[in-house]
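Counting from 1, the numbers follow the sequence of the chain as shown.
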Amino acid sequence: MNVNQQPHMASPYGQPQSGYQGYQQTGYGNQHVPGGYPTPYAPYNGPASTYQPGPPQAPSSFAPSSAVHSQPLPPDSVAQTAPQPFYGAPPTPPQPFPGAAPPFSAAGPAQPPAPPLGSQQSFSQAHPPSQPQFTSAPPPVSTASYGGPPPTTQASHPRAPPLTSQPSTFSGGPPPTSSPSQYPQPMPQQPPVSQPNPFHSGPPQPTTAAGFPPQGGPPLRVPHPGVQGPPMTSQGPPTSQTNHVAPPQPGMLPGPPPVNMAGPPAQPSMQGYPPQQNGKYLYSSDIPPVQKTRHRIDPDAIPSPIQVIEDDKLNKGNEPFVTGVRGQVPPLVTTKFQVKDQGNASPRFIRCTAYNMPCTSDMAKQSQVPLAAVIKPLATLPLDENGPYIVDHGESGPIRCNRCKAYMCPYMQFIEGGRRFQCGFCSCVTEVPPHYFQHLDHTGKRVDCYDRPELSMGSYEFLATVDYCKNNKIPQPPAFIFLIDVSYNAVKNGMVAIVCQELKTLLDYLPRENPNVASNIRVGFVTYNKVLHFYNVKASLAQPQMMVVSDVADMFVPLLDGFLVNVAESRVVIESLLDQIPDMFADTRETETVFGPVIQAGLEALKAADCAGKLFVFHSSLPIAEAPGKLKNREDKKLVGTDKEKSLFQAQVSFYSNLAKECVAQGCCVDLFLFPNQYVDVATLGVVPTSTGGSIYKYTYFQGQADQERFLNDLRKDVQKQMGFDAVMRVRTSTGIRPTDFFGSFYMSNTTDVELAGLDCDKTVTVEFKHDDKLSEETGALMQCAVLYTSCSGQRRLRVHNMAVNCCTQLADLYRNCETDTIINYFAKYAYRGVLNNPTKNVRDSLINQCAQILACYRKNCASPSSAGQLILPECMKLLPVYLNCVLKSDILHPGADISLDDRAYLRQLVSAMDVAESHAFFYPRLLPVHKLNVEGNALPVAVRDSEERLSKGGVYLLETGLNLFLWVGANAQQELLQNIFGAPAFSQIDPNMTSLPILDNPYSKRLREIIESFRAQRSRYMKLMVVKQEDKLELIFKHFLVEDKNNSGGASYVDFLCHMHKEIRQLLS
Ligand SMILES: [Zn+2]
């Protein structure tokens, strides 16, 4: 019966040292219920004190207060049992998942092709001492490289030259106009390089982003503070020239004297891009941007996230990303692109921090670049990409390496005419089973290579045999159990009625593999306050029956048969139940709730049914009623900022982590929907969801009508999303590196197996790697992620993702092939876990220190010698400082006064399983100038940087964080624009309380609403829209997301933080 009696082939994770012989050590086997379940209804033999089972068919009372009654339902309830038509509109069809969202990438103007990656950009804060070096002529190589793509119409796109060129250091400031001869010849018509010209209407300047200097360009002289730059060629405002005598700023930089980096102030949404003028509704404003602060360094002279994002779209968004070449850095998550799997996993499944890993651990330590992969095993792919093929090897199961158990994949080398294969991970040679034998061609490749996904593709699935099933038994289809809080608060705020109403429709959309076949998932229902009510909804009943369990100390399921049912069979009874629940508890006075027993009840029900599944818990309050897992209110904001702050993120009792372990053993995933009016201790309530691959949703101060849209959209998506149950993930690597650390919503009972009671299409697991030996440049580094799971139809499968990256002996190669968005995703998860056990300040300091080391190592080993006053950043990490600052000033690491402890705990847990696209928007929100919308095309206006300086009073901006959507309306926005968006004739008549835009019959309104919908479709959670009028009190919330600015709680501005980083780097170098 037990899988562990099988030899090594029996277990997918049968690596000798792992301690994971089948499921033996993880509680799957006989640990909890020796010998399996002696009777299917074991819990019945348990505590009978409060439950006397009556005749199963006897109707039970719906009175929620007593133990068990056997009364007929009230007649009026009975009268409601006729099936009701679904409310409102026809059922929502299954929604497309994020990846399937329609494209909305901004198609920029034609662009010269990019030169190779890996050049560096530099600039300086230094000043006279370093001046002489800037007078030297540019190195010949870089001049040559400039002659490449002719600078056409774009300001920003002539990219840096190859790294082989001598990087020209740059100290900012307007270039010397007196030395035009230093400019490479192909750029005769250009205006001076680093002079952002915010108001130009002609061809934009061919500089790099927003005044960031081109690599390899001519040296630029540092102007003396206060000295005016050269005359400007544009009609820009002359005022800014005086800004450059920077006032002393309080804050972080005692470093070098301030030097202004460029000419005039930034202009919103220009950034070197021409406005989109071919649209009918171009609301360009002539009003200068809001400008409040003066900088010692012009923000336009430091690396711009928008520029990097736009460059990547232009350079990588036009051709499919083909995964056949090892070590290629994929397009950014902000670029829309198509993937062709030719042997490595798509970046939608795996993103790495570095695609060229250092060969030795010494090199890795020296650089401090984290080596990690963010893996989203069940990611939803866009419609134009094929999901992984399913491979069925029949009864013999997948072919694996004899030693390390890696699955057959393109990295296995067939030898001896195809009779054996050598493992790419451990080099062990394994016999090819006769049924799998195939001849090799003259290159040594199997002739059937391209007919077999496991030989030619990065991602595929194997059908698992019974050996891969718990207890060697084919699994039952999974079950969904809905557990609804019916205490006073939950009833009063409308949640109970909304959930019950929605479920009547939603149950038709349970996940299924074939859209033409009904879902196999069974469902069950529980309501609760201080006691639990189980419902018998067996198809043969005329009415649902309630069974009350009031002894919550030792939870059991009082229902043999009829608790978990097939929706189609029991539809009438289920609908009757869902109609009656809101009425039954409408007059409840019960305010107290339990929580632990609720999860226990769902868990016991799954155990009794011998299946995996998911619990949907709808909960409203701190569980203070006497019961296991009872909590007390420990909210104490005074601890914020002290050494005890970490306790706020920790669970207050150990009960839930023990419960989580049991849930994982059963494959019981828990999703928690919270509707709190006050502190509910998310840190503790979230333990089970975050250990079981579940999700937490939080609707603070939920008010039925106003908030149901967000909740219902989340619930629909959550119920319908593709997921796997009872999953185990293992990452194998080639010799030289090994996975050492894991981040995400899962449980680990040993050091190698990531156990996920549930794994949905939005969840990621982040894996960190460390060296345990040398890597080879020739073979690279390989990883294989295998996830064994039960599909929603009950099929046991193995999903395999393979990834190969390059290895290098030169640090420069590492720094040329990093992915900053993924590094930030890793750092955020690392830091957010760190606050559980360390003072927040220490976590912040160590993050800053690690990033300073990364950049200092580059400076020392890869950049050309130059003055210490210059900050030189690797091209592909030039946004590391700005993004790192966003992590540091996030609500977890640097809370403002107004964020609740629950919200911090919630966000901390949320980020732990986020993918790179969502973490990018979360830390650096997308800010779109929608007044520049072109209604005639699909292109979006180019986003602007997250700073108040970029907002124009005459504009309207859409800001998206992945969790929130804001529409900011400038006080001077044109009347026609307001009329088109809001149907309001004037700014003063816009209702700031609206949560959706009116449906107006004009192309602008239509296009804007389409964009909002497309943003929502791309995210795993529904984003509520908030309209923010300039100068309105809500603006404070909005400004919190302008992450390049200094914030209210003392978070540094981008400019200040960059100066601080520069200082840190200089200290490391000196
Ligand atoms: Zn092997």
Side-chain angles (χ1 to χ4, degrees), residues 120-131 169-173 194 196 209-213 220 222-226 243-262 265-266 292-305 820 844-845 847-856 858-859 863 866-874 877-889 893-894 924 945-949 1042-1047 1049-1070:
Q120 56 191 8
Q121 299 202 345
S122 61
F123 60 93
S124 170
Q125 302 169 206
H127 149 332
S130 60
Q131 190 170 347
T169 52
F170 164 62
S171 57
S194 64
F212 202 66
L220 302 164
V222 181
H224 293 274
N243 280 354
H244 301 316
V245 185
Q249 294 206 1
M252 316 178 79
L253 181 69
V259 168
N260 77 76
M261 301 281 296
K292 286 191 173 172
T293 53
R294 294 179 160 204
H295 294 283
R296 66 180 72 197
I297 293 177
D298 190 307
D300 276 352
I302 57 180
S304 156
T820 297
R844 290 165 47 84
D845 289 348
L847 264 192
I848 293 173
N849 185 268
Q850 186 169 356
C851 286
Q853 287 193 47
I854 290 172
L855 298 175
Y858 173 81
R859 172 61 192 262
S866 54
S867 155
Q870 293 166 335
L871 175 57
I872 304 181
L873 302 171
M877 282 189 194
K878 65 185 180 187
L879 299 180
L880 190 62
V882 60
Y883 290 162
L884 176 69
N885 189 37
C886 297
V887 174
L888 291 170
K889 64 204 270 193
L893 298 182
H894 198 138
Y924 194 90
R945 293 167 62 173
D946 291 333
S947 168
E948 194 173 351
E949 291 189 359
L1042 298 177
V1043 290
E1044 287 198 24
D1045 298 341
K1046 187 176 288 193
N1047 72 18
S1049 44
S1053 72
Y1054 174 20
V1055 168
D1056 287 347
F1057 182 71
L1058 192 64
C1059 293
H1060 180 69
M1061 281 303 286
H1062 190 188
K1063 191 189 110 201
E1064 296 278 322
I1065 293 165
R1066 287 172 54 155
Q1067 273 175 1
L1068 289 171
L1069 290 173
S1070 64

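- Rounding to the nearest 0.5 angstrom, the gap separating the CZ atom in Arg859 from the CZ atom in Arg1066 is 9.0 Å.
- A heavy-atom distance below 4.5 Å is not found between the side chains of Leu880 and Met1061.
- Counting all heavy atoms, side chain and backbone alike, Lys889 lies closest to Arg844 at N-NH1, 4.5 Å.
- At a threshold of 4.5 Å between non-hydrogen side-chain atoms, the residues Pro881 and Leu855 count as touching.
- Looking at every heavy atom in both residues, Lys878 comes nearest to Leu873 through O-CD1, 3.7 Å.
- Taking CD1 of Ile848 as the reference point, atom CG of Asn885 lies at 8.5 Å (rounded to 0.5 Å).
- Looking only at side-chain heavy atoms (C-beta outward), Leu847 and Leu893 come within less than 4.5 Å of each other.
- Atom CD of Glu1044 sits about 10.5 Å away from atom CG of Leu1058, to the nearest 0.5 Å.
- In this structure, NE2 in His894 is found 6.5 Å from CG in Asn1047, a value given to the nearest 0.5 Å.
- Rounding to the nearest 0.5 Å places CG of Leu871 at 9.0 Å from SG of Cys1059.
- Inter-residue side-chain proximity for Cys886 and Phe1057 is flagged as unmet; no heavy-atom pair is nearer than 4.5 Å.
- Remark: Tyr883 engages His920, Tyr924 in a ring-ring contact (aromatic ring centres under 6.0 Å, His included) (not counting sequence neighbours).
- Taking each heavy atom of Pro305 and Arg945 in turn, the nearest pair found is CD-NE, 4.1 Å.
- Minimum heavy-atom separation, Leu1042 to Ser947: CD2-N, 4.1 Å.
- Between Glu949 and Pro299 the shortest heavy-atom distance is OE1-CG, 3.8 Å.
- With contacts defined as side-chain heavy-atom distances shorter than 4.5 Å, the pair His1060/Asp1056 does not qualify.
- Remark: Gln850 pairs with no residue by the side chain to side chain donor-acceptor pair (under 3.5 Å) rule, at least two apart or across chains.
- The heavy-atom pair separating Thr820 from Met877 by the smallest distance is OG1-CA, 3.3 Å.
- When atom types are taken as modelled, the side chain of Tyr1054 and the backbone of Ser304 share no donor-acceptor pair closer than 3.5 angstrom.
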